[in-house]
Number of protein chains: 2
Amino acid sequence: MSTREQIVDAANRLFYEQGFERTSFASIAEAVGISRGNFYYHFKTKDAILDAVIQARLESTRQMLRAWSEGSAGPLDRVRRFIEIVITNQGDIENYGCPVGTLTNELAKLDHPSRTHAVGVFDVFRTWLREQFEELGRAADADDLALHVLTFSQGVATLSNAFHDRAYAQREVDRLNSWLTQQLATS
Amino acid sequence: MSTREQIVDAANRLFYEQGFERTSFASIAEAVGISRGNFYYHFKTKDAILDAVIQARLESTRQMLRAWSEGSAGPLDRVRRFIEIVITNQGDIENYGCPVGTLTNELAKLDHPSRTHAVGVFDVFRTWLREQFEELGRAADADDLALHVLTFSQGVATLSNAFHDRAYAQREVDRLNSWLTQQLATS
DNA sequence: GCGAGAATAGGACGAATGTCCTACGATTTT
DNA sequence: AAAATCGTAGGACATTCGTCCTATTCTCGC
C-alpha cells in the first residue's frame, strides 16, 4: 500500500473515531509512522486530506453495494442486509456512531465547504436502496421507502451510541423488518 | 441575567452551532462581551462550562416536559407534540442537527467523561415518553415504544441536517403518527 | 554510474488554544 | 470611613495547531 493510501486510511479511521476537527496532521502522521514534512508532501491542506477521505468512502461504499447487488440475493434480502448493518457494526457504532451521519453533521456545524461532498455518501446509499425498492415493484414511492430505511439506520446508530443497548438495536431491526414485510405484502 | 447565566447561555448556543471542540473560551467570552479573565473567574476549565451547559439543558428539558404534562392535552397529544419537534425546530435542525444527539456523539468521539452526563438528556425524554405510553395503557412495552419514538426523532434530525428536505421530514412525521394511531388501536 | 525527480525528514513560523496570574474597580460588610 | 470580598480586565504562559521551507535520501531512466 502506497504512503498516500496509508495516509488516507489512517485519516479515515481517525476522522471516524475522533472527529475531523479533533484529528491533527501530527496524529495522522504518527499513526502512519511518517514525518509531518512527508505528510505535507502528499496533502497540502487539511481540507485536501478530508476530500480524499470522503472520496475513498464514496468509492468503498459504491464497491460494497455493487458487490451486494451482484450477489445471488434478491433485492429484499439486500435491503435486509443493509438494515442489519447496525448489528454487524454494532461495536464501532456504540463507540463512534455512524461514520456518514456523524461526519456530515460535524461538517455542517463547521460550515465546511466539503459538507455536500460528504452528503454524497448518503446519496449513494439512498440511490442504491431506491433501486432495490424499484426492483421490488415500488417505483412510485421507492425514494420515500429508501429514506425511511436510512432514517431508521441513523436513529438506531445515534441511540446505540448513546445507550450501548444491544437488545434495543435488535428490537428496532426486528421492527423495521416487520414493517418491510408488511409493506411488500400489502402493495 | 447574571454574567454566569449569560456565559452558560452563550456556550449552550455555541456548543450547539459549532460543536464543543471547536468552541473556544475566547469565542464564548466575545459572544457575552466580557474578557477572558472574567470568564475564568466563573469557570476554571472548559469541562466545567460543559457540565454547566449540560445541567442547564437537563433543567430546561425537564421544565419543558413538565409544562407539557401539566397542560390540558392528553398523553397521546403530548407524544404527537414531541414527534412534531422535528418540524417545529426544523430550521435549527437543518443547520446543526439535534442538540442532544450531536453533543452525545461528539463527546463519545472525544472519549469525554461528561458523555454519560449528556446522555442524561436522552434519559429525560425517554422517561417522559415512557410515562405517556404507560398512561396510554401500554405499561408492558412503554419503554420500547419510547425508544422507537426517540429513534425516529434522531433519524429524521440527522437526515434533515444532511438533505434539508422539508417534505421528507413531514412524510416521516406523518408515517410515525400513523404508526402511533395503529399501535394504540390494535392494543 | 549518474543525474533528475520523487519521497522523506525535521524543523521553523505565526496564530490560536486552555490555563493561569496580577491588578484595578465595584460592592458589600464592619 | 475603612476594610474585605466580589467582579472584571488584560495580558503571560507553554503547548499545539496548520502550514511552509530546506535539506537529505531514495529510485530509476539514461
Side-chain angles (χ1 to χ4, degrees), chain A residues 1-56 102-103 106-115 117-118, chain B residues 1-56 102-103 106-115 117-118:
Chain A
M1 190 161 50
S2 72
T3 301
R4 188 194 150 93
E5 287 172 322
Q6 284 182 282
I7 291 174
V8 174
D9 257 39
N12 189 1
R13 192 179 65 255
L14 288 172
F15 287 173
Y16 176 40
E17 295 180 358
Q18 307 185 347
F20 170 69
E21 183 80 7
R22 172 65 169 266
T23 303
S24 64
F25 268 43
S27 64
I28 301 173
E30 188 189 14
V32 179
I34 61 174
S35 65
R36 279 141 284 154
N38 190 8
F39 189 106
Y40 179 74
Y41 173 78
H42 292 281
F43 295 98
K44 301 280 183 206
T45 68
K46 205 179 174 186
D47 292 354
I49 172 68
L50 172 63
D51 280 332
V53 165
I54 294 174
Q55 197 60 35
T102 57
L103 179 63
E106 183 178 1
L107 297 183
K109 286 184 193 257
L110 298 179
D111 202 18
H112 196 286
S114 293
R115 189 193 73 88
H117 195 194
Chain B
M1 189 161 52
S2 72
T3 301
R4 189 194 151 93
E5 287 172 320
Q6 284 183 283
I7 291 174
V8 174
D9 257 38
N12 190 0
R13 193 179 65 254
L14 287 172
F15 287 174
Y16 176 40
E17 296 180 358
Q18 308 185 347
F20 170 69
E21 182 81 5
R22 171 66 170 266
T23 302
S24 65
F25 269 42
S27 64
I28 301 173
E30 188 188 13
V32 180
I34 61 174
S35 65
R36 276 147 291 150
N38 190 7
F39 188 105
Y40 178 73
Y41 173 78
H42 291 281
F43 295 98
K44 301 280 184 207
T45 68
K46 205 179 175 185
D47 292 354
I49 171 69
L50 172 63
D51 279 332
V53 165
I54 294 173
Q55 198 60 35
T102 58
L103 180 63
E106 182 178 2
L107 297 182
K109 287 185 193 257
L110 298 179
D111 201 18
H112 196 286
S114 293
R115 188 193 73 87
H117 194 193

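Computation of the quantities below employed the complete heavy-atom set of this structure, encompassing side-chain atoms and omitting hydrogens, waters and symmetry-equivalent molecules. The chains referred to below are lettered A, B, ... by the order of the sequence lines, with proteins before strands, and numbering in each begins at 1.
- For D:dG7, neither phosphate oxygen OP1 nor OP2 lies less than 4.0 angstrom from any side-chain nitrogen or oxygen of B:T3.
- Comparing C:dA9, D:dT8, D:dT19 by their closest approach to the side chain of B:N38 singles out D:dT8.
- Ranking D:dC6, C:dT8, C:dT17 by closeness to the B:Y41 side chain, first place goes to D:dC6.
- Between B:Y40 and C:dT19 there is no side-chain polar atom (N or O) within less than 4.0 angstrom of OP1 or OP2.
- The CD1-P distance, from B:I7 to D:dT8, rounds to 8 Å in whole Å.
- Here A:E30 pairs with nothing under the side-chain hydrogen bond (donor to acceptor under 3.5 Å, both in side chains) rule; sequence neighbours left out.
- In this structure, NZ of A:K46 is placed 15 Å from C1' of C:dA15, rounded to the nearest angstrom.
- Side-chain N/O atoms of A:H42 include none lying less than 4.0 angstrom from OP1 or OP2 on C:dA6.
- The side chain of A:S35 has C:dG10 as its nearest neighbour among C:dT17, D:dT19, C:dG10.
- Here CD1 of A:I7 is found 12.0 Å from CG of A:L14. Values are rounded to the nearest 0.5 Å.
- DNA chain D is contacted by both B:G37 and A:S24; B:G37 maps to the nucleotide lying nearer its 5′ end (nearest heavy atom per residue).
- Smallest separation of non-hydrogen atoms from A:L110 and A:F20: CD1-CD2, 3.8 Å.
- The CZ atom of A:F43 sits 12 Å away from the P atom of C:dA7 (whole-angstrom rounding).
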